[in-house]
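Take a look at the structure set out below.
Keep in mind that this is a model prediction, so the values were computed, not measured.
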Amino acid sequence: MQLTPAFAPRLQGLDLSALDRDSAAACGVNATSDIEYVNDSWWQFARDNGARWAEGEHGLGANLLAVTPEVLRPFYRDLFDRTRVRSSPVVHFYECSSPELKRQYGMRLHPLDDGCLLIVHALLSEAPHGDEAFPALEPRYRQGWGSVVQCAHCRRVQRVAETAHWDWVPSLVSQARWPVSHGLCQPCFEYHYRQPPELPSSPLPRRPS
Ligand SMILES: [Zn+2]
């Protein structure tokens with residue numbers, strides 16, 4: 001666990017050792033979304049997120065919104081702000097797959113005092129990709145300006161000529177062969193980012209009083 005002295009009072013009453021034992025990655029952010037707490041699972045989570053979550057960029061002092069792909073930033077800024085004014089947690093489901101495995105996560109956002117948030121990322125499912133895998137053909141995926149456009153959510157890659165088509169191209173997820181810019185494919189936009197959902201969630205572990 002890493003925790004700033006300023007943030008420690010925000011987590012008072014929570015069983016931090018239970019959060020450290022948990023396989024779910026947790027981080028705490030202040031009112032301006034700077035990271036002030038991470039649990040032990042946070043770094044494994046960062047590694048599992050691969051190129052998008054290079055280790056060292058997501059430690060204490062980093063701004064969680066600043067390290068979020070730009071295309072997703074307005075959504076998460078809104079979700080964080082909406083959670084800050086609530087008294088109960090919010091859940092958001094998202095996908096973060098590796099080249100080998102399709103992974104679904106649940107993000108639980110717990111409002112704390114003074115605009116702070118505790119955000120817990122739990123792995124919900126992990127399975128080999130069922131999608132058709134496409135080879136990394138340069139003319140099909142590399143845009144005129146040199147980048148490939150990857151969905152910031154599902155990591156599929158947009159075709160140059162048929163922009164409504166986004167393909168699962170494992171070798172472009174595992175290697176930075178060409179520069180990557182982020183977009184959102186239509187299904188991800190419709191199902192995950194059109195409106196922040198608000199659902200009830202399980203409580204945090206508390207120390208016995
Ligand atoms: Zn997508």
Side-chain angles (χ1 to χ4, degrees), residues 23-27 35 38-59 62-77 79 91-107 119-194 196-197:
S23 61
C27 76
I35 298 174
V38 296
N39 74 343
D40 285 351
S41 296
W42 180 255
W43 299 109
Q44 181 60 46
F45 175 73
R47 279 189 290 274
D48 287 347
N49 278 271
R52 291 193 298 173
W53 287 69
E55 196 161 350
E57 289 176 16
H58 297 81
N63 186 275
L64 191 56
L65 288 172
V67 296
T68 298
E70 200 176 345
V71 67
L72 302 183
R73 218 172 281 155
F75 172 88
Y76 282 109
R77 182 179 291 117
L79 181 63
V91 175
H92 171 60
F93 298 101
Y94 68 99
E95 185 178 326
C96 187
S97 297
S98 72
E100 298 80 25
L101 296 169
K102 186 166 190 154
R103 296 198 195 99
Q104 302 282 348
Y105 284 90
M107 175 195 281
I119 303 172
V120 182
H121 302 256
L123 180 64
L124 302 178
S125 69
E126 190 175 53
H129 287 280
D131 304 315
E132 184 183 359
F134 287 80
L137 300 177
E138 183 164 357
R140 183 181 286 167
Y141 300 113
R142 196 170 184 200
Q143 305 287 340
W145 61 88
S147 302
V148 295
V149 179
Q150 189 180 72
C151 176
H153 184 251
C154 69
R155 308 179 86 176
R156 287 177 185 80
V157 177
Q158 188 175 34
R159 293 189 191 177
V160 172
E162 303 153 286
T163 54
H165 281 82
W166 297 68
D167 297 330
W168 180 244
V169 187
S171 62
L172 291 182
V173 174
S174 61
Q175 308 164 13
R177 184 183 307 187
W178 302 312
V180 172
S181 58
H182 285 114
L184 265 181
C185 72
Q186 193 68 18
C188 287
F189 174 73
E190 295 292 341
Y191 291 121
H192 294 279
Y193 292 99
R194 189 182 276 285

* To the nearest 0.5 Å, tell me how far E95 CD sits from S125 OG. => 9.0 Å

* Verify side-chain contact (heavy atoms from CB on, under 4.5 Å) between S97 and W168, making sure each step is shown before the conclusion. => CA-CA 11 Å; S97 297; W168 180 244; 4.2 Å; yes

* Aromatic ring centroids of Y141 and H165 under 6.0 Å? -> no

* N39 CG to Q44 CD distance, which is reported to the nearest 0.5 Å -> 11.5 Å

* Between V169 and R140, is a side-chain contact (heavy atoms from CB on, under 4.5 Å) present by the stated rule, with each step listed? -> CA-CA 11 Å; V169 187; R140 183 181 286 167; over 6 Å; no

* Enter the distance from H92:NE2 to Y94:OH here, rounded to the nearest 0.5 Å. => 8.0 Å

* To do: State, to 0.1 Å, how close P179 and R142 come at their nearest heavy-atom pair, and which atoms those are.
  => CD-NH2, 4.3 Å

* Asked: To the nearest 0.5 Å, what is the distance between CD (Q143) and CH2 (W178)?
  -> 11.0 Å

* Taking every non-hydrogen atom, the tightest pair across Q158 and T163 -> NE2-O, 2.8 Å

* Structure fact -> Of all heavy-atom pairs linking S181 and S147, the shortest is OG-CB, 4.0 Å

* Give the minimum heavy-atom separation between V149 and G183, together with the two atoms involved. => CG1-N, 4.0 Å

* Structure fact -> Taken to the nearest 0.5 Å, the spacing of L64 CG from R77 CZ works out to 11.5 Å

